[in-house]
Protein chains: 2
Amino acid sequence: MSEDIKMLTDIESLSGSLAQRVYQSLREAILAMVYPPGSVLKKNVICEQLGVSRSPVAEAIARLAAEGLVDVIPQSATRVSCFSMEEIREASFLREALECAAVETVAMQRSDEQLAKLTRNVRLQEMLVEDRDYAEFYKADEEFHGLIMEFTGFPGVSSVAATVSLQLKRVRMLLLPEEGRPAETIKEHRAILDAIRDQDPAAAQAAMKAHLRMLIPRLLPLEKEHAEYFRSR
Amino acid sequence: MSEDIKMLTDIESLSGSLAQRVYQSLREAILAMVYPPGSVLKKNVICEQLGVSRSPVAEAIARLAAEGLVDVIPQSATRVSCFSMEEIREASFLREALECAAVETVAMQRSDEQLAKLTRNVRLQEMLVEDRDYAEFYKADEEFHGLIMEFTGFPGVSSVAATVSLQLKRVRMLLLPEEGRPAETIKEHRAILDAIRDQDPAAAQAAMKAHLRMLIPRLLPLEKEHAEYFRSR
DNA sequence: AGTCGTCAACTAACATGTTAGTTGGCATCT
DNA sequence: AGATGCCAACTAACATGTTAGTTGACGACT
């Protein structure tokens, strides 16, 4: 008997309302491919696995559906949404729009302290790659982008970008860190950083655009390598 | 006795799940200032007004909260969110980022048919202003922006923009159409259209940016004129 | 054998009952 | 009179019971 134990992070370790915790737990599981694209989510199973009733999971699933992570088939089932190259392109477009606007703004109005934080972050990235600690590098990478958006002064930019980039974040899990790519990534980050240092908005935007556009080409092969995760049409 | 009859659009006239219809009804009421900012939403009242139980309204309110239209105070109350100039600036930033990216893309890759549709729309705007039909003009204005985003080929751009612009849409209701402004608006739309016709992405983006930045200055006086709708801090 | 209609089992969606946390008012104490 | 603690009423949040729509499998009919 394959007991098929899908591991959900225990909601005890999270804060906020029950529904909020269930949402975080499910979201994490989906992003980590614990529930692969196409797999069905059963409310009852989740209820007893987390030890809660159907109300909070219903709310959590509603939020996930609103964000496009799951597809709810009315009166029938709810399954983790499959990838589609179109959605990925769209998410990429949205992300580019937001992050380019952010970096343009930051390049214009940055403070010295903000520049220092970004510089420190890039140095950290370099150290982590030297140490081959790719997991931590990934986190530092995300933090770099997060810092830039935070420095616009608009806290919502970061969260909106995170929401529209969810699909990207998920599909990115399929990419193993190719040897050499982190070094390239850091170079691109440095180019962005330099433009921010020089307070050159146009250069910053161009550097960010070039950086973000590196992703799609690396994603393209996945459609055939992992066809099972992609929507058939 | 002030019976305080808040009119909600009847959910019978809408389609989709019950929760979806309740959401649309509430959303419309909030945007139309039927529920002014700061007013409290009572689940029981809404339930009996719409003739539904608490489940669908709970889901609807959860969505409204996620979009920032209402603030839920845990275990206590849920009230329509007040305006804050910071949030308005943020929404404006996000909208600018998305619409500028969209118009840039469309200027690069437009089809002749798309150009024709946009041209027709601007002509319609001109006719409507001549006829002083400002309500229809408002709709045509929104359609103009919607068309541009639609023409990117990414259907989600329009809906994401609509979501992040919700606060803008609501606060805009306080603006009476000043005499002369529609004519200016059309000039700006024409400038955008011309750049799209000429397939000049940079000009298109610049024209869009100039156009969108007309809004904030007109909104600034509202913070004192309608202080009751704004968050005190 | 293949197709179509029927039906039982399962699911999301909805309704309703229950719990627990917050709030405002009143009485009490200083 | 003013501050403080207590209590009742109200609310969102959670749990659970009920409904209705979908699906897939089985059997009857061609």
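Lettering of chains follows the sequences in order, A, B, ..., and the numbering in each one begins at 1.
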Quiz prompt | d(CZ, A:R79; P, D:dT23) in whole Å | solution = 10 Å
Practice problem: Looking at every strand, decide which applies to B:A19 at a 4.0 Å heavy-atom threshold: base, sugar-phosphate, or nothing. | Solution: sugar-phosphate
Self-check item: Flag for A:Y23-A:E67: side-chain donor and acceptor within less than 3.5 Å
Solution: yes
Quiz item: Quick one: B:R21 CZ to C:dC14 C1', roughly how many Å, whole number?
Solution: 11 Å
Quiz item: Does atom CD of B:E113 have more than 12 heavy-atom neighbours from other groups under 6.0 Å away?
Solution: no
Quiz item: Do the non-hydrogen side-chain atoms of B:K139 and B:E142 ever get within less than 4.5 Å of each other?
Solution: no
Self-check item: 5' precedence on DNA chain D between A:I73 and A:S17 (nearest-nucleotide basis)
Solution: A:S17
Exercise. Mind calculating the distance between CD (A:E48) and P (D:dT16) to the nearest angstrom?
Key: 13 Å
Self-check item: Nearest-angstrom distance from the residue atom CD of A:E59 to P of D:dA15
Solution: 12 Å
Practice problem: Whole angstrom is fine here: how far is it from CG in A:N44 over to C1' in D:dA15? | Solution: 14 Å
Self-check item: Nucleotide D:dT11, atom C1' - distance to CZ of B:R54 in whole Å
Solution: 11 Å
Quiz item: Hey, is the side chain of A:S53 poking within less than 4.0 Å of OP1 or OP2 on D:dA15, counting only N and O atoms?
Solution: yes
Quiz item: Hey, what's the ring geometry for B:H145 with B:H211, parallel, tilted or perpendicular (30° and 60° as the breaks)?
Solution: parallel
Quiz item: Do B:S55 and C:dA13 share a donor-acceptor pair, side chain to base, under 3.5 Å?
Solution: no
Quiz item: Any idea which of C:dT22, D:dA15, D:dT22 is nearest the A:Q75 side chain?
Solution: D:dT22
Quiz item: Roughly how many Å is it from CD1 in B:I61 to C1' in D:dA12, rounded to a whole number?
Solution: 9 Å
Practice problem: Quickly work out the A:L18 CG to C:dA20 C1' distance and round it to whole Å. | Solution: 12 Å
Quiz item: Going by an N to O cut-off under 4.0 Å, is there a salt bridge joining A:E87 and A:R231?
Solution: yes
Self-check item: Whichever of A:P56 and B:K42 has its nearest DNA chain D nucleotide further upstream toward 5'
Solution: B:K42
